[in-house]
Amino acid sequence: MTAPRGPFRYGDRVQLTGPKGKLQTITLREGGELHSHLGMIAHAQIEGQPDGSVIANSGGHEFLALRPLLKDFVMSMPRGAAIVYPKDAAQIVQQADIFPGAVVVEAGVGSGALSMSLLRAVGASGRLMSFERREEFAEVARANVETFFGGLPEQWSIHFGDLADALPRDAEPGSVDRVVLDMLAPWEVLPAVADALAPGGVVLCYVATATQLSRVAEFLREMGDFTEPEASETMVRGWHVDGLAVRPDHRMVAHTGFLITARRLAPGSIPPEVKRRASKRSYGDEDQEIWTPGAVGDREITDKNLRKRIREAEKAAGGARHAASLRDADASEPSLD
């Protein structure tokens, strides 16, 4: 699916940048109004205007109206589970070498933030298989993806169940090019991942703590089915640039997670030995306590809050479907030229 172009339609998501750079994201609807202490903007003032228009509110203050970029949409969309930040999603696409036409597996789907980046990367000729254990999270992700793309991509499928059981059920051995794991204990599913990956395929794990990172690395080495793992983290620091006043921003997006990658070896291959200093390899109960959900800050969302997020996401998806139908109707009208 392509990004929407042309004038704004009811159902479109619109990002408004007001005085002092404050951002607000709205979904256009008939009769809708955006109120603030600066005044009011009627949604009808925006509908029909081209992307990048400047709209004045009732108080005479000007707002820039743009369709949100993917990174903007991800940061403002309804969430059922924690999201993969845009800076990490960009690195995942690059480090996992996601390419057009690839068959990619991701687990779990969360709120769909990473799914959208992966869908763009695999293109119409690829395939993304998203695995999720909780159907409620998948509902939020499905609605968010539909809102952003204006429909559900045909190359995307959602599968339910634990990856260790569901992946052998839904994917033939050696049929997957790339696997991206965003879960608490990815080492538990690595044997199933090894069976599904084609030789030379990439597995990438996104983990939050150094203890999880160490655990994944040692498990990959002990399996003997993968190359020596490589680990990294990404930090993004913005800069203030105004004439000669050039300095780093006081705030930055620092640690959000670690990325660790490895490639599938051909069956029976033994990798060259990598010499390392002796280190502690065994994990006891006290080590495992460090990466429990509570210890790593994985707060459970309440059922009431989750139902609210589902309603918000589905409402936005309905608006996106309506906007897409209006654009299709415009495209089908005969030209007067």
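For the numbers below, each heavy atom of this structure counts, side chains included, while hydrogens, waters and symmetry mates do not. Just so you know, residue 1 is the first one in the sequence shown, and it goes up from there.
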- Message: Please give the remaining members of the hydrophobic cluster of Ile55, linking ILVMFWY side chains under 4.5 Å, ordered by chain and number.
- Response: Phe8, Tyr10, Val14, Leu16, Ile26, Leu28, Leu34, Leu38, Ile41, Ile46, Phe63
- Note on the structure: The remaining residues in the hydrophobic cluster of Met40, counting side-chain heavy-atom contacts under 4.5 Å among Ile, Leu, Val, Met, Phe, Trp and Tyr, are none
- Item | His43: ring-ring contact (aromatic ring centres under 6.0 Å, His included) partners, not counting sequence neighbours | none
- By ring-ring contact (aromatic ring centres under 6.0 Å, His included), Tyr206 pairs with (sequence neighbours left out) none
For [X] versus [Y], what's the shortest heavy-atom pair and its separation?
| X | Y | value |
| --- | --- | --- |
| Gly48 | Pro7 | O-CB, 3.4 Å |
| Gly52 | Leu64 | O-CD1, 3.7 Å |
| Gln45 | Gln49 | O-CG, 3.3 Å |
| Trp187 | Gln212 | CZ3-O, 3.9 Å |
| Ala113 | Val74 | CB-CG1, 3.7 Å |
| Ala166 | Phe160 | CB-O, 4.0 Å |

- Message: Taking salt bridge (charged side-chain N to carboxylate O under 4.0 Å, His left out) as the cut-off, I'd like each qualifying pair that reaches into residues 88-99, sequence neighbours left out, listed once.
- Response: Asp97-Arg178
- Task: Quick one: do Asp225 and Leu265 satisfy side-chain contact (heavy atoms from CB on, under 4.5 Å)? Show the steps, please.
- Result: CA-CA 5 Å; Asp225 295 318; Leu265 295 170; 5.8 Å; no
With distance as the sole test, does [X] use its side chain to make a donor-acceptor pair with the main-chain N or O of [Y] at under 3.5 Å?
| X | Y | answer |
| --- | --- | --- |
| Asp182 | Val84 | no |
| Gln155 | Leu128 | no |
| Glu132 | Val109 | yes |
| Thr147 | Ala143 | yes |

Hey, are the side chains of [X] and [Y] touching, using non-hydrogen atoms and a 4.5 Å cut-off?
| X | Y | value |
| --- | --- | --- |
| Leu69 | Gln15 | no |
| Phe219 | Pro191 | yes |
| Phe258 | Thr209 | no |
| Ile260 | Leu213 | yes |

- In sequence, state the C-alpha distance, the side-chain angles, and the governing distance for Phe149 and Val145, and then conclude on side-chain contact (heavy atoms from CB on, under 4.5 Å). CA-CA 6 Å; Phe149 288 106; Val145 170; 3.6 Å; yes
For [X], enumerate each residue passing the side chain to side chain contact (heavy atoms under 4.5 Å, CB included) test, keeping only those at least two apart in sequence or located in another chain.
| X | answer |
| --- | --- |
| Arg311 | Arg307, Lys308 |
| Ala171 | Met129, Leu167, Ser175, Val176 |
| Ala107 | Phe131, Leu163, Leu181, Met183 |

Is there a continuous path of hydrophobic side-chain contacts, each under 4.5 Å between heavy atoms, that joins [X] to [Y]?
| X | Y | result |
| --- | --- | --- |
| Leu119 | Leu204 | yes |
| Val179 | Leu220 | yes |
| Phe148 | Leu66 | no |

- Please collect all side chain to side chain donor-acceptor pair (under 3.5 Å) contacts where either partner lies in residues 102-116, sequence neighbours excluded, each pair once. Glu106-Ser115, Glu106-Ser130
- Here the side chain to side chain donor-acceptor pair (under 3.5 Å) pairs for residues 52-75, sequence neighbours left out, are Asp12-Arg67
Donor-acceptor contacts under 3.5 Å from residues 194-201 side chains, at least two apart:
none

- Val122/Ile98 under side-chain contact (heavy atoms from CB on, under 4.5 Å): CA gap, chis, key distance, verdict: CA-CA 6 Å; Val122 301; Ile98 311 297; 3.7 Å; yes
Calculate, to the nearest 0.5 Å, the distance between atoms [atom1] and [atom2] belonging to [X] and [Y] respectively.
| X | Y | atom1 | atom2 | answer |
| --- | --- | --- | --- | --- |
| Glu139 | Glu136 | CD | CD | 7.0 Å |
| Arg142 | Ile158 | CZ | CD1 | 4.0 Å |
| Leu118 | Trp156 | CG | CH2 | 10.5 Å |
| Met75 | Met77 | CE | CE | 9.5 Å |
| Leu70 | Met116 | CG | CE | 6.0 Å |

- Check the pair Val180, Ile92 against side-chain contact (heavy atoms from CB on, under 4.5 Å), reporting the backbone distance first and the verdict last. CA-CA 8 Å; Val180 179; Ile92 288 170; 4.0 Å; yes
- Query: Just by distance, with hydrogens left out, do Lys22 and Thr17 show a side-chain donor and acceptor under 3.5 Å apart?
  - Reply: no
What donor-acceptor contacts under 3.5 angstrom involve side-chain atoms of residues 229-244, with partners at least two apart or in another chain?
from	atom 1	to	atom 2	distance (Å)
Ser232	OG	Gln95	NE2	3.2
Glu233	OE1	His255	ND1	2.7

- Message: Are there over 12 heavy-atom neighbours, none belonging to Arg251, within less than 6.0 Å of that residue's CZ?
- Response: no
- Task: Indicate yes or no: does Asp51 engage Arg5 in a salt bridge with an N to O separation below 4.0 Å.
- Result: no
